[in-house]
K.L.:
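Please find one structure pasted underneath; my questions will follow.
Being a predicted model, the structure only gives us computed values, none of them experimental. Note that ligands are numbered from 1 as they come in the structure, with each ligand's atoms numbered from 1 the same way.
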Amino acid sequence: MPAMPAPVLAPRRKTRKIKVGDVYVGGDAPVSVQSMCTTKTHDVNATLQQIAELTAAGCDIVRVACPTQDDADALAPIARKSNIPVIADIHFQPKYVFAAIEAGCAAVRVNPGNIKRFDDQVKEIAQAAKDHGTSIRIGVNAGSLDKRLLDKYGKPTAEALVESAVWEASLFEEHDFHDFKISVKHNDPVVMVRAYEMLSERGDWPLHLGVTEAGPAFQGTIKSATAFGALLSQGIGDTIRVSLSAPPVEEVKVGIQILQALNLRPRKLEIVSCPSCGRAQVDVYELAEKVTAGLEGMEVPLRVAVMGCVVNGPGEAREADLGVASGNGKGQIFVKGEVIKTVPEKDIVETLIEEAMKIAETMEPVEGASPEVIAAS
Ligand code: SF4
């Protein structure tokens, strides 16, 4: 019997489906995970190296900055050699929008708030993008909102972000260009969520979710998980980027975890570990960390329970594929609900990893974990 799809909190909202290189965004395409390189784009080797690391971590689409002509010159080899679609991120200089399109980037992110005379150039941008099969992200950002809207609203409110986005979308559509997605980022998750909710009621554009300048890893993870959770649980959002003041691979890991937590991506390895308490008879933190590290990169949907004592331990361990319930300097090891052995505390980690490997060999790797990739013709 085929496996039942995991339950989700709400069906995905129907959006227009666009292509970002060979990855679909919107429509019924799975929510994709993006990140952005921190390298200088003109350092082609360093940028490609970081893209390779991001690809290995599960990143679906990558963005690179393009502040100078040297960076623009580097876009063609980067776009050609990258294994995932490359988006050029353009601020201030409209000429780099055209350079990125010519360079073969999968998409271009434009910031209408700070590109000189942007509205006057939408026609040419739309035509160039159409000619090259390039998609566009209209990236409205609270930190660089159009001055006219700042004057009107006094600050970058949700309404102001949405008005900017809807206006720019209408300009592209007037020129019969529809292959674009939109973001309306704000550093306050509450404003950001409101903006996306409002925007999703105004059109069927695919939406790129992001809390801008979310902060260092801990704070940024919480802000992004909260905001993305609020939106994705309503079916809003087609692609996500977690912004962290941390290496971009961390952004990808967080993004994937958010999608897995919401069942928008099949879960792979899942460690169910208790928070520990005064009843714990083993160092749960250390145990959970060592087991997680030992099983990193596992591609099968294995659920491992690491429990500190016998209160909830046996119950959780029984529900998991594999588990340990600790007590009295020993660990009871469960496989599929049955105690298979009891080992001394010092051997718990090694035994769990060994048993996990054995179970993993009998499991199929998770399917459908990656976004919909367009087959090469
Ligand atoms: S499983 Fe035991 S140690 Fe862990 S939180 Fe529950 S009662 Fe405390």
K.L.:
State the atoms of ligand 1, each with its element, that fall below the 4.0 Å cut-off from a heavy-atom position in R279.
P.N.:
7 (S)

K.L.:
Regarding K17 and the six-membered ring of Y24, is the cationic atom NZ or CZ under 6.0 Å from the ring centre and inside 45° of its axis?
P.N.:
yes

K.L.:
Just need the protein heavy atom nearest to atom 6 (Fe) of ligand 1, so name the residue and atom and give the distance.
P.N.:
N312 ND2, 3.9 Å

K.L.:
Going by the closest heavy atom to atom 1 (S) of ligand 1, which one wins out of C277, P275, C274, A305?
P.N.:
C274

K.L.:
Please tell me whether V140 and V122 are part of a single hydrophobic cluster in this structure, the criterion being side-chain heavy atoms less than 4.5 Å apart.
P.N.:
yes

K.L.:
So if I apply the salt bridge (Lys or Arg N to Asp or Glu O under 4.0 Å) rule between D151 and each of K155, K147, R148, which one comes out positive?
P.N.:
K147

K.L.:
Could you tell me whether R265 and D60 make a salt bridge, using a distance below 4.0 angstrom between a side-chain N and a carboxylate O?
P.N.:
yes

K.L.:
Do any of the N, O or S atoms of C309 sit under 2.8 Å from atom 2 (Fe) of ligand 1?
P.N.:
yes

K.L.:
List the atom of A107, the atom of V20, and the distance in Å for their closest heavy-atom pair.
P.N.:
CB-CG1, 4.1 Å

K.L.:
Suppose I only count heavy atoms of A280 and a 4.0 Å limit; which atoms of ligand 1 are within that range?
P.N.:
3 (S)

